[in-house]
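Each chain gets a letter, A, B and so on, in the order its sequence line appears, and its residues count up from 1.
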2 protein chains.
Amino acid sequence: MKNLDTNTENKILESAKKVFIEKGYDGARMQEIADLAGINKALLHYYYRSKDKLFKNVFEQTLQSFFPIIAEIILSNKPLLERIKLFIDKYIDILIENPIIPLFIANEVAKNPLIIKDMLIPDIDNLFSGLNDMIDDEVSKGNIKKVDIKQLILNIISLCIFPFISQSIAKMIFNYSDEEYKELMLSRKNEIYSLILAWLKP
Amino acid sequence: MKNLDTNTENKILESAKKVFIEKGYDGARMQEIADLAGINKALLHYYYRSKDKLFKNVFEQTLQSFFPIIAEIILSNKPLLERIKLFIDKYIDILIENPIIPLFIANEVAKNPLIIKDMLIPDIDNLFSGLNDMIDDEVSKGNIKKVDIKQLILNIISLCIFPFISQSIAKMIFNYSDEEYKELMLSRKNEIYSLILAWLKP
DNA sequence: GTCTATAACTCGATAGAC
DNA sequence: GTCTATCGAGTTATAGAC
């Protein structure tokens, strides 16, 4: 059906994604995107009127390739601790495949917070209160101690993402190769889970 | 003695710091720095030959205003757990005062890892082996369980820094004002410590 | 749709007067 | 030391031929 997506338009988007994510909006050059796509600058403007519009496309698509996978796990009907375990495992895997995307997103949102305004999960308040109910439920069963949902989320996300954001520094400090750092990240799956688990123990 | 530091040269550096940290190297404009310093572009080049050299000055000074405070705590001769507690408290305080610096550093280092090459702590290997000995010591005393020093460092740093890197997103998701977010960060001091403590329990 | 050529503009850097 | 004026390279965006 959408076989035409393999054509110029999609090739541009893929190239733009690569360049924007690597260099950021300010550092990216339309010429470089054109070169990578094997076309010339004029065509970029033919398909996406401006650098700004091309960027917004890239940003939105990047974000949307991340959230659904996460949402699926969060919204599954597994027990809380199992969901947390699944989330950590899956998230680390995604980050190993896309190590520089978190920095890209953090950076662009910091420079222009409004860019994300319309892209967030619509009923996020429901999501939070749902998770809160789950926590209360587990607490009443004596499975975990009571914690603030916001701190729980911040803790898990921080432990998963930050080592990727800081990886260029961390690799230098630890004197690690790419492969060694990847191994360290893989071993974090269990470390992070045991950390959260220990904290949640009643 | 260096009363002249209050003069143009220092005013330039302060303005440059502000603009570079906020916009990043690529997004920063010499014109904006000049305007903020109340001078004109030509004078920037008179004091710091190029944008690049001005940036390197800013970056180095920013980094050096961060590391010594941290190093002081890490190298103090307090017991391990006390050092960790002090580190978290002090670090969160610094980050509340300078919330956007971590993103700035992560970003610029990611784009050019070599920039940090000469600025790292010289005998970092000694630092690690020293900390490792401390861990082993506490383990043998039965105070904590054995953990990997790299994971410990990553965990603590992640928990402290990431909420600031992601603060523009987090404030939106949590629907928090600046003040509310600051309160959340302050309350994290104890949360992070109890998290690490629970993990380290033998 | 795709290209070449170029307009229009931004920005870092310099020349030269004071 | 500080300023005004301007150069020249690089960048986004468009015009117009094919």
Pairs under 3.5 angstrom, nitrogen or oxygen only, protein versus nucleotides 9-11 of chain D, please.
unit_1	atom_1	unit_2	atom_2	d
D:dT11	OP1	A:R29	NE	2.8
D:dT11	O5'	A:R29	NE	3.4

N/O donor-acceptor pairs under 3.5 Å from side chains in residues 62-69 of chain A, not counting sequence neighbours:
unit_1	atom_1	unit_2	atom_2	d
A:T62	OG1	A:V58	O	2.7
A:S65	OG	A:T62	O	2.7

For atom CG of B:L44 and atom C1' of C:dT14, their distance in whole Å: 13 Å

Distance-only donor-acceptor hits, side chain of residues 153-173 of chain A, under 3.5 Å, sequence neighbours excluded:
unit_1	atom_1	unit_2	atom_2	d
A:N155	OD1	B:R188	NH1	3.0
A:N155	OD1	B:R188	NH2	2.8
A:N155	ND2	A:Q151	O	3.1
A:S158	OG	A:L154	O	2.5
A:S166	OG	A:F162	O	3.1
A:Q167	OE1	A:K171	NZ	3.3
A:K171	NZ	A:D178	OD1	2.7

Those residues that, when tested against B:K141, pass salt bridge (Lys or Arg N to Asp or Glu O under 4.0 Å) (two or more places apart): B:D137

Sub-4.0 Å heavy-atom contacts from residues 12-22 of chain A onto DNA chain D, ordered by number: none

Donor-acceptor contact present, side-chain B:N98 to main-chain B:I94, <3.5 Å: yes

A:K17 versus A:N57, side-chain donor and acceptor atoms under 3.5 Å: no

B:N132 and B:K150: side chain donor to acceptor below 3.5 Å: no

Whole-Å distance separating the NE2 atom of B:H45 from the P atom of D:dT4: 16 Å

Length of the line joining A:N7:CG and C:dT2:P, which is rounded to integer Å: 7 Å

Whole-Å distance separating the CG atom of B:D35 from the C1' atom of D:dT4: 15 Å

N or O in side chain of B:Y47 less than 4.0 angstrom from D:dT2 OP1/OP2: yes

Partner set under salt bridge (Lys or Arg N to Asp or Glu O under 4.0 Å) for B:K56, not counting sequence neighbours: B:D52

Stacked cation flag A:K111 on A:Y25, 6.0 angstrom / 45 deg: no

Side-chain N,O (A:T8) to OP1/OP2 (C:dG1) below 4.0 Å: no

Residue B:N40, side-chain heavy atoms: nucleotide from D:dT4, C:dA13, D:dT2 that is nearest: D:dT4

Donor-acceptor pairs under 3.5 Å, side chain of residues 73-81 of chain A to any protein atom, not counting sequence neighbours: which ones?
unit_1	atom_1	unit_2	atom_2	d
A:S76	OG	A:I73	O	2.9

Whole-Å distance separating the NZ atom of B:K53 from the C1' atom of C:dA13: 12 Å

Ring-face cation of A:K53 near A:Y48 (centre distance under 6.0 Å, axis angle within 45°): no

With a cut-off of 3.5 Å and sequence neighbours excluded, list every side-chain donor-acceptor pair involving residues 27-39 of chain B.
unit_1	atom_1	unit_2	atom_2	d
B:R29	NH1	B:D26	O	3.1
B:Q31	NE2	B:D35	OD1	3.0
B:E32	OE1	B:K23	NZ	2.9
B:E32	OE2	B:K23	NZ	3.0

Pairs: protein N or O with nucleotides 16-18 of chain D N or O, under 3.5 Å:
none

Options C:dC3, C:dA13, C:dG1, nucleotide nearest the side-chain atoms of B:S50: C:dA13

B:Y47: ring pair (Phe, Tyr, Trp, His ring centres under 6.0 Å) partners, not counting sequence neighbours: none

Length of the NZ-C1' vector between B:K23 and C:dC11, whole Å: 14 Å

Integer-rounded Å distance: C:dG1 C1' and A:K11 NZ: 12 Å

B:N10 CG to D:dG1 P, straight-line distance once rounded to whole Å: 14 Å

Where DNA chain C forms stems, i.e. three or more consecutive Watson-Crick or G-U pairs with both distances under 3.5 Å: C:1-18 with D:1-18

ring-ring contact (aromatic ring centres under 6.0 Å, His included): pairs with one or both residues in residues 120-140 of chain B, sequence neighbours excluded: A:F174-B:F128

Side-chain touch B:E183/B:Y176, heavy atoms, less than 4.5 angstrom: no

